[in-house]
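All figures in this text were calculated on a predicted structure; none of them were measured in a lab.
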Amino acid sequence: MTGFDSATFRRVLGHYPTGVCVVTAVEADGAPVGMVVGSFTSVSLDPPLVAFFPAKTSSSWPRIEKVGRFCVNILASDQLPVCRQIAAPGVDKFAGIAHRVSAHGSPILDDVVAWIDCTLDAVHEAGDHHIVLGRVVALEVERPERPLLFFQGSYGEFALLD
């Protein structure tokens, strides 16, 4: 039992900005699959691991998990339309979104800030989400621009102070 409700939890944690990424994979039939994640982080240098946290209600995550590899695409601040399209349910998420396939078989979206290609290392249950660990097999900065951020329920970009 806690002394707060889920709305308070979301409101308070919403004061911490997160980057916006699209996790992509290609299913066995050749169809690309993707999902937007706002909680992504580096975990370890040795071995190189990253993590993200899909909701257990996600319809895209089980499809990506089944593939066993994925690419994390860090969106640039001008890629909000890409974010919205990939996040929308029931649409062809990749219609009109230019991408190429990485050497390891996952979609790399055009014009992203950077991409991190991974194999699935582990999945752990964490409340109403999963903790997904990816072992990094390749990564690169594509376009060293400002990333798309999510903060207090809205999208924005980072402003440098110096």
**Item:** same_hphob_cluster(I74, V82) at 4.5 Å side-chain heavy-atom cutoff
**Value:** no
**Item:** side-chain contact (heavy atoms from CB on, under 4.5 Å) between V136 and V50, intermediate numbers included
**Value:** CA-CA 7 Å; V136 178; V50 296; 3.8 Å; yes
**Asked** Are the side chains of D121 and L49 in touch, meaning some heavy atoms are under 4.5 Å apart?
**Response** yes
**Prompt:** Do you reckon V23 sits in the same ILVMFWY cluster as I108, going by side-chain contacts under 4.5 Å, direct or chained?
**Reply:** no
**Item:** Considering all heavy atoms, the nearest P107-V26 contact
**Value:** CD-CG2, 3.5 Å
**Request:** Find the distance between CD1 (I131) and OG (S39) and round it off to the nearest 0.5 Å.
**Result:** 11.0 Å
**Prompt:** So, are D5 and R11 salt-bridged, with charged N and O less than 4.0 Å apart?
**Reply:** no
**Request:** Evaluate side-chain contact (heavy atoms from CB on, under 4.5 Å) for V112 paired with E145, printing each intermediate quantity in order.
**Result:** CA-CA 9 Å; V112 293; E145 297 291 330; over 6 Å; no
**Message:** Does the plane of the ring in F9 sit parallel, tilted or perpendicular to the ring in F4? Use 30° and 60° as the thresholds.
**Reply:** parallel
**Prompt:** Should P54 and M35 count as side-chain neighbours, where that means a heavy-atom distance under 4.5 Å?
**Reply:** yes
**Pairwise side-chain contact, V101 with S106, heavy-atom cut-off 4.5 Å (strictly under)** = no
**Asked** Transitively linked via ILVMFWY side-chain contacts under 4.5 Å: F94 with V22?
**Response** yes
**Request:** For the residue pair Q85 and Q79, establish whether any side-chain heavy-atom pair is separated by less than 4.5 Å.
**Result:** no
**Asked** Under 3.5 Å, is there a donor-acceptor pair between the side chain of R135 and the main chain of C118?
**Response** no
**Prompt:** Should we say atom CZ of R10 is surrounded by more than 12 heavy atoms from elsewhere, each under 6.0 Å from it?
**Reply:** no
**Message:** If we ignore hydrogens and angles and just use 3.5 Å, is the side chain of R69 paired with the main-chain N or O of H104 as donor and acceptor?
**Reply:** yes
**Request:** Would you confirm whether H129, through its side chain, and G127, through its main-chain N or O, come within 3.5 Å as a donor-acceptor pair?
**Result:** no
**Rounded distance [0.5 Å steps], CD1 in I116 versus CZ in F70** = 9.5 Å
**Message:** Aromatic contact between Y155 and F150, with the criterion being ring centroids under 6.0 Å apart: yes or no?
**Reply:** yes
**Prompt:** Applying the 4.5 Å side-chain criterion to the ILVMFWY set and letting contacts propagate, would V36 and W61 be lumped into a single cluster?
**Reply:** no
**Gap between atom CD of E65 and atom OG of S58 - 0.5 Å precision** = 10.5 Å
**Exceeds 12 heavy-atom contacts within 6.0 angstrom, atom CG of L13** = yes
**Asked** Do the side chains of H130 and K56 get nearer than 4.5 Å, heavy atoms only?
**Response** yes
**Prompt:** Do you reckon F40 sits in the same ILVMFWY cluster as F158, going by side-chain contacts under 4.5 Å, direct or chained?
**Reply:** no
**Side chain proximity check, H124 to L133, heavy atoms < 4.5 angstrom** = yes
**side-chain contact (heavy atoms from CB on, under 4.5 Å) between C83 and L148, intermediate numbers included** = CA-CA 9 Å; C83 171; L148 181 61; 4.0 Å; yes
**Asked** For residues W115 and E142, is any side-chain donor paired with an opposing acceptor at under 3.5 Å?
**Response** yes
**Asked** Taking the side chain as C-beta and beyond, is there a heavy-atom pair between S102 and C71 under 4.5 Å?
**Response** no
**Prompt:** Roughly how far, to the nearest 0.5 Å, is CG of D110 from CG of N73?
**Reply:** 10.0 Å
**Complete:** Value for CG (L75) from CG (L80), rounded to nearest 0.5 Å, stands at 9.0 Å
**Item:** Candidates V33, T24, V132, L120 - the one meeting side chain to side chain contact (heavy atoms under 4.5 Å, CB included) with I64
**Value:** V33
**Message:** Is any side-chain heavy atom of L149 closer than 4.5 Å to one of E157?
**Reply:** no
**Request:** Tell me yes or no: between the side chains of H15 and Q152, is some donor less than 3.5 Å from an acceptor?
**Result:** yes
**Asked** Between R63 and E27, does at least one N-O distance fall below 4.0 Å, as a salt bridge requires?
**Response** yes
